[in-house]
K.L.:
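Here you go, one structure.
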Amino acid sequence: MALRFYNSLSQQLEPFTPQDGKTVRMYTCGPTVYHYAHIGNLRTFTFQDILRRWLRASGFALNNVMNITDVEDKIIRTAMAQGKTLREYTAQYEEAFLEDMATLRLERPERVVRATEHIDEMVDLIQKLGEKGFTYESDGSTYYRISKFPEYGKLSHNDFGGMIAGARVDVDEYEKDDARDFVLWKQKKEGEPSWDTPIGDGRPGWHIECSAMAMKYLGATLDIHAGGIDLQFPHHENEIAQSEAVTGKQFAKFWLHAEHLIVEGQKMSKSLGNFYTLRDLLELGYAPETVRFLLESVPYRNKLNFTMDGVKAAATAIERLRNFELRLKTEKFAPGGEAASEERTAAAVTRFREAMDDDLNTAGALGVVFEFLRDTNSAMDGGKFLAGNVASAQGLLNLFDSVFDVMRPTTVAGGISDEAVEALIAERVAAKKARNFGRADAVRAELDAQGIVLEDTKDGPRWKRK
RNA sequence: GGUGCGGUAGCCAAGUGGUAAGGCAAGAGUCUGCAAAACUUUUAUUCGUCGGUUCGAUUCCGACUCGCACCUCCA
């Protein structure tokens with residue numbers, strides 16, 4: 001089965017190929033930089049990273065644009081309260097966000113673009129919408145007239161026929177013709193940052209930035225547009241309305257939405273005290289790759305219950321993977337090759353690919369890897385895994401890690417060097433040989449204190465960092 | 001009220017019209033100077049409840065129930 005994704009637009013799994021057959025033109029909704037990213041945000045960005053990596057593993061090139069929303073009500077309010085310019089205020093969080101991405105090993109999209117640097121494109125788009133009759137002005141602000149776009153609702157599959165009973169009625173400070181209409185350009189308020197443009201002195205609405213930047217860099221029709229589930233409505237619905245009204249072309253072939261994360265079974269919120277940033281978790285002593293593994297382990301369309309037990313389980317699971325690789329690299333296998341082992345590895349590769357091809361079923365893919373680990377460990381114990389089987393097994397691990405990226409421990413600065421460890425181990429080996437177990441145990445304790453775990457195997461001692 | 005998602009072992013979590021992956025935890029074992037670590041192994045007659053379709057359903061359909069999300073800013 002070929003690569004396929006669940007398309008929110010059709011609500012079905014669809015086979016995926018980029019329009020030109022080679023390069024995937026993808027737009028991913030990035031962060032609003034008014035606070036540190038929380039673990040829920042990072043779940044979505046981890047999904048986008050997995051998506052990128054698997055597209056590449058499937059043989060496609062990537063052209064991925066991610067936006068940074070750096071102008072928006074909350075940003076303006078807080079920046080002004082702190083007496084800072086927009087840029088001064090957002091720079092710190094943008095930097096922190098990019099740092100968090102790097103820490104979690106999330107690849108940097110080919111282009112990361114700021115909303116404030118694309119005001120001209122937004123204004124241009126709004127003017128085009130105006131020429132086509134999709135806008136109206138009210139109190140100096142410009143709105144999108146949804147009644148002019150009959151397909152409105154096709155992404156969120158909402159019925160907008162009339163007011164929605166039970167839903168809270170929109171209370172906007174501006175006058176709109178229809179409660180559904182959304183603002184494209186907001187008139188300047190006294191003292192707030194603004195841009196003086198042909199459509200007035202003001203600032204852009206939230207939705208227009210993505211349409212403008214996506215089409216500027218990726219053309220009228222994207223292969224993939226991805227983001228968090230909460231953006232499906234109204235943000236993405238509005239992007240479609242803006243973009244398709246102007247181009248008359250389908251805005252995105254595929255819409256991929258990542259489910260939210262909950263913490264200890266509850267919605268994450270500051271009031272519940274279960275609101276975590278990556279920094280919080282690192283301070284608790286968890287390695288970045290442990291957090292990454294946990295975020296990856298549940299398929300993106302399912303809610304992920306983030307628990308401290310889960311983080312600990314993730315850490316142990318990674319240990320198991322690393323132990324296997326260590327064994328693969330250090331054990332002296334007998335010469336020759338075992339056909340059964342080659343077949344097992346080849347089957348695992350196929351099944352791993354099938355799981356990932358199936359809408360990025362990371363849980364299934366992990367199952368394949370762990371099953372492979374168990375069976376291969378058994379084969380090694382039984383002498384059915386030979387030197388000639390190492391390369392392909394390592395190849396499977398490499399394929400796995402090219403997507404999951406958890407094998408490499410995050411290095412801690414200032415630790416004991418590899419050479420020093422080796423020297424101590426050599427000393428212990430000598431002590432053991434001389435049956436000086438007191439000294440041997442002392443060395444082991446010393447290494448332990450340095451965060452080094454020593455393992456005696458039939459091929460001699462091997463070690464790893466905790 | 002509308003829309004959508006989900007209820008699978010102690011916890012997390014895949015999955016299929018043909019009789020339940022995997023991870024963690026727990027029990028047992030192997031190895032070892034002692035350890036540690038590692039590895040192996042055991043653990044759901046059962047997939048929210050009740051009906052229906054079927055030779056056969058956890059998997060399809062219906063009802064019910066519980067939980068969640070969105071419909072307003074939100075990854």
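Order of the sequence lines sets the chain letters (A, B, ...), proteins ahead of strands, with each chain counted from 1. As the structure is a computational prediction, the values presented were derived from the model and not from experiment.
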K.L.:
Enumerate the residue pairs fulfilling salt bridge (Lys or Arg N to Asp or Glu O under 4.0 Å) with a member in residues 440-455 of chain A, sequence neighbours excluded, ordered by first and then second residue.
P.N.:
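For residues 440-455 of chain A, and leaving out neighbouring residues, the salt bridge (Lys or Arg N to Asp or Glu O under 4.0 Å) pairs sorted by first residue read A:D441-A:R444, A:D448-A:K466, A:E455-A:R462, A:E455-A:K464.
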K.L.:
Could you work out, with salt bridge (charged side-chain N to carboxylate O under 4.0 Å, His left out) as the rule, every residue matching A:E422, not counting sequence neighbours?
P.N.:
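Result, salt bridge (charged side-chain N to carboxylate O under 4.0 Å, His left out) vs A:E422: none returned.
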K.L.:
Could I get the full list of side-chain contact (heavy atoms from CB on, under 4.5 Å) partners for A:E343, not counting sequence neighbours?
P.N.:
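Only A:A339 meet the side-chain contact (heavy atoms from CB on, under 4.5 Å) criterion with A:E343.
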K.L.:
Of all residues at least two apart in sequence or in a different chain, which pass the ring-ring contact (aromatic ring centres under 6.0 Å, His included) check with A:Y276?
P.N.:
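Result, ring-ring contact (aromatic ring centres under 6.0 Å, His included) vs A:Y276: none returned.
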K.L.:
Residues two or more places apart in sequence or in another chain: which of them pass ring-ring contact (aromatic ring centres under 6.0 Å, His included) with A:F293?
P.N.:
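Result, ring-ring contact (aromatic ring centres under 6.0 Å, His included) vs A:F293: none returned.
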K.L.:
Given pairs defined as Watson-Crick or G-U wobble with both distances under 3.5 Å, what dot-bracket annotation applies to RNA chain B, with ( ) intrastrand, [ ] crossing, | other strand and . unpaired?
P.N.:
(((((((..(((.....[...))).(((((.......))))).....(((((..]....))))))))))))....
K.L.:
Any salt bridge linking A:E237 with A:K154? Criterion: basic side-chain nitrogen under 4.0 Å from a carboxylate oxygen.
P.N.:
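No.
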K.L.:
Which pairs, protein N/O on one side and nucleotides 39-43 of chain B N/O on the other, fall under 3.5 Å?
P.N.:
residue, atom, partner, partner atom, Å
B:rC39, O3', A:N377, ND2, 3.4
B:rC39, O2', A:D381, OD2, 2.6
B:rU40, OP1, A:R374, O, 3.2

K.L.:
Give the residues of residues 292-305 of chain A touching RNA chain B, defined as any heavy atom closer than 4.0 Å, sorted by residue number.
P.N.:
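A:V298, A:P299, A:N302, A:K303, A:N305, in order of number.
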K.L.:
Salt bridge (charged side-chain N to carboxylate O under 4.0 Å, His left out) with A:D459: which residues, sequence neighbours excluded?
P.N.:
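Testing A:D459 for salt bridge (charged side-chain N to carboxylate O under 4.0 Å, His left out), a comparison that skips the adjacent residues, returns none.
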K.L.:
What residue pairs, at least two apart or across chains, pass salt bridge (Lys or Arg N to Asp or Glu O under 4.0 Å) with a residue in residues 29-50 of chain A?
P.N.:
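Matches after skipping sequence neighbours: A:D49-A:R53, A:D49-A:R292.
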K.L.:
How would you list, by chain and number, every residue that makes a side-chain hydrogen bond (donor to acceptor under 3.5 Å, both in side chains) with A:N64, sequence neighbours excluded?
P.N.:
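Result, side-chain hydrogen bond (donor to acceptor under 3.5 Å, both in side chains) vs A:N64: A:T28, A:R52.
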K.L.:
Between A:T32 and B:rA75, is there a side-chain N or O to OP1/OP2 distance below 4.0 Å?
P.N.:
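It does, given that an N or O in the side chain of A:T32 lies less than 4.0 Å from OP1 or OP2 of B:rA75.
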K.L.:
Starting at CZ of A:F437 and ending at C1' of B:rC34, how long is that distance when rounded to a whole Å?
P.N.:
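Interatomic distance, CZ of A:F437 to C1' of B:rC34: 8 Å.
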K.L.:
Just to verify, what does A:D280 make a salt bridge (charged side-chain N to carboxylate O under 4.0 Å, His left out) with, not counting sequence neighbours?
P.N.:
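For A:D280, no residue satisfies salt bridge (charged side-chain N to carboxylate O under 4.0 Å, His left out) once neighbours in sequence are set aside.
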